[in-house]
Amino acid sequence: MNSSWKTTKLLGLLMLANILIYVVVEVSRSYGQGRDMYRRGKLTPKKFWKKPEVSLAFWNRMQDRLDDIYYLPLANGSEPPPDFQGIPRWLNRTSPCQPDSRVTSEIEDFKSLPQRFQDFLLYMGCRSYPLITDAPNLCSEPPYLLLAVKSIAAHFDRRQAIRESWGRAGILDGRRIVTVFLLGSMAATDHFPNLSDMVKHEAALYGDVLQWDYRDSFFNLTLKEVLFLEWFGTHCASAKYVFKGDDDVFVNTQHILAYLGNVSKTQDLFVGDVIANAGPHRTKHLKYYIPESVFRGIYPPYAGGGGYLYSGNLGLRLRTISRLVTLYPIDDVYTGMCLKRLGLVPEKHMGFKTFDIEEKHRENPCAYKSLILVHPRSPQDMIKIWSWINDPKAKCYIAPTTKGAVRRNKSK
Ligand SMILES: *[C@@H]1O[C@H](CO)[C@@H](O)[C@H](O)[C@H]1NC(C)=O
Ligand SMILES: *[C@@H]1O[C@H](CO)[C@@H](O)[C@H](O)[C@H]1NC(C)=O
Ligand SMILES: *[C@@H]1O[C@H](CO)[C@@H](O)[C@H](O)[C@H]1NC(C)=O
Ligand SMILES: *[C@@H]1O[C@H](CO)[C@@H](O)[C@H](O)[C@H]1NC(C)=O
Ligand SMILES: *[C@@H]1O[C@H](CO)[C@@H](O)[C@H](O)[C@H]1NC(C)=O
């Protein structure tokens with residue numbers, strides 16, 4: 001009895017010692033791991049103790065590193081790091097434009113992601129594509145308003161309608177307007193007919209086309225945004241204001257000028273159809289679907305990509321900050337992410353109708369006089385509405401209530 005009690009005590013002590021050794025080994029191992037990760041720049045010491053595992057989605061993980069190293073010091077007023085102007089060091093692989101095979105193992109469900117995500121992720125490190133067609137003299141006289149229109153090679157009719165209507169370059173109400181169309185290339189793999197000679201001809205004729213050599217796809221629109229910002233900074237930095245939008249919208253350019261003549265805070269101006277408190281769609285078949293392994297969290301306030309208006313000065317700041325914001329597959333959300341890092345919030349303006357106006361007003365010329373943008377509109381609509389708002393005789397005397405009264409009278 002006594003001896004067996006001793007044995008049990010001995011066994012118990014031995015087990016306790018084992019557990020203690022195990023705990024010590026495990027703790028020091030994970031501490032070593034943590035320090036190792038810290039050294040490799042994966043975690044800040046603060047975050048290591050707060051949140052041991054790096055469990056965030058891929059985009060968040062990439063951006064966290066940038067935010068930790070660049071924005072925290074910037075936010076509390078220290079000097080920007082010496083390489084602030086350059087590509088962040090960890091993104092500088094020797095050939096950033098080769099497919100980045102690391103992503104295939106860094107995202108657990110990479111192989112089951114839709115093809116467009118795989119394409120996006122493999123090439124998201126590359127931001128330099130050759131300019132096939134330049135428009136070097138476009139801003140030789142500084143524009144008051146630069147209209148930058150996202151288009152694709154095949155949409156010649158839309159561009160021509162814009163040139164003949166709201167994007168007519170020249171002097172309008174005493175202000176210089178310059179229009180530029182932003183194109184990528186039509187990849188042969190996407191089965192587009194080869195329009196490259198046509199685009200070349202068009203560019204030579206109008207001098208308002210910028211075309212880069214990358215695949216013009218929906219998920220590459222963010223690439224279009226950053227390439228445009230870089231071009232803007234080097235070739236059109238003196239523009240006072242920039243409107244950037246799609247080629248299927250109608251824009252009331254005169255009204256933009258009237259609005260800009262009125263605004264007080266010009267430096268930080270950024271207006272559009274602002275969407276707040278949105279987040280990624282998780283339904284697979286949607287155009288805006290984003291998998292959880294790619295992004296988690298809510299979106300900062302952003303202006304719908306149909307069109308928004310900002311100051312040239314802010315355009316230059318967007319260009320600089322965009323170099324430190326990881327590309328995101330949805331371009332207007334990306335711009336919101338850049339604004340957030342500049343400490344700015346885009347402002348909602350009711351004149352941007354990216355979800356159209358009520359059907360009963362669409363054929364009413366008066367409905368367009370006080371709007372800035374309506375989406376969507378065909379090339380024919382653009383020309384028709386432009387003639388309406390430029391007709392000096394088409395004054396808006398007929399209020400909708402009068403019309404209603406007339407109809408009521410008739411039905412009696
Ligand atoms: C700036 O903020 C970071 C992170 O919060 C902190 O580590 C650093 O000491 C701060 N620097 C100054 C100069 O306040
Ligand atoms: C990128 O890395 C290469 C090789 O380490 C180096 O020569 C080059 O200067 C770096 N580029 C930038 C922009 O930092
Ligand atoms: C399209 O045509 C141009 C000129 O004819 C040619 O140089 C180019 O290689 C073609 N592009 C493709 C993708 O076939
Ligand atoms: C974006 O363009 C690059 C260059 O043409 C291409 O390799 C990549 O697959 C494109 N990405 C998407 C999502 O289409
Ligand atoms: C400009 O300001 C005036 C006075 O506040 C206002 O009545 C007018 O609607 C404004 N115009 C535009 C285009 O915003």
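For ligands, and for the atoms within them, numbers begin at 1 and follow the listed sequence.
Under a 3.5 Å cut-off, the side chain of Asn194 and the backbone N or O of Ser196 do form a donor-acceptor pair. In terms of modelled atom types and a separation under 3.5 Å, the side chain of Gln63 and the main chain of Thr326 share a donor-acceptor contact. Looking at Thr354, its side chain never comes within 3.5 Å of a backbone N or O of Gly305 through a donor-acceptor pair.
Summary of contacts: the protein heavy atom closest to atom 2 (O) of ligand 4 is Asn220 ND2, 2.4 Å. For atom 5 (O) of ligand 4, the closest non-hydrogen atom on the protein side is Arg215 N, 2.9 Å. Nearest protein heavy-atom neighbour of atom 12 (C) of ligand 4: Ser217 OG, 3.3 Å. What sits closest to atom 4 (C) of ligand 3 on the protein, heavy atoms only, is Asp197 OD1, 3.5 Å. At the top of the distance list for atom 3 (C) of ligand 3, counting protein heavy atoms only, stands Ser196 OG, 3.3 Å. Looking only at protein heavy atoms, the nearest one to atom 11 (N) of ligand 5 is Asn262 ND2, 2.8 Å. Remark: minimum distance from atom 9 (O) of ligand 3 to any protein heavy atom is reached at Asn194 ND2, 4.8 Å.
Ligand 4 lies less than 4.0 angstrom from a heavy atom belonging to Tyr129.
Shown in contact with His255 at under 4.0 Å from a heavy atom are these atoms of ligand 5, numbered in order with element: 13 (C). Every atom of ligand 4 is numbered from 1 in the order shown, and the set under 4.0 Å from a heavy atom of Arg116 is 13 (C). Which parts of ligand 4 touch Phe219 is read off a 4.0 Å heavy-atom cut-off, strictly below it: atoms 13 (C). Close approach of ligand 5 to Ala258 is summarised as follows: ligand atoms under 4.0 Å from at least one heavy atom of the residue are 13 (C).
With rounding to the nearest 0.5 angstrom, the OH atom of Tyr241 is 10.0 Å from the CG atom of Asn313. To the nearest 0.5 Å, the span separating CZ on Arg102 from CG on Leu122 amounts to 11.5 Å.
Residues Arg341 and Leu324 have side chains not in contact (no heavy-atom distance under 4.5 Å, counting atoms from C-beta outward). Between Tyr334 and Val325, the closest side-chain pair of non-hydrogen atoms falls below 4.5 Å.
Contact annotation for atom 7 (O) of ligand 5: protein absent (non-hydrogen atoms, distance under 4.0 Å). Distance check for atom 14 (O) of ligand 3: a protein heavy atom is found below 4.0 Å.
Taking the ring centroids of Trp59 and Phe295, they lie under the 6.0 Å cut-off.
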Problem set entry | Check against salt bridge (charged side-chain N to carboxylate O under 4.0 Å, His left out), Asp356 and Lys353 | CA-CA 5 Å; Asp356 213 336; Lys353 302 289 183 192; over 6 Å; no
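At a 4.0 Å heavy-atom cut-off, ligand 4 touches Tyr123 through the side chain alone.
Geometrically, ligand 5 and Tyr259 share no nitrogen or oxygen pair separated by less than 3.5 Å.
Between Val294 and Asn60 the shortest heavy-atom distance is O-OD1, 4.0 Å.
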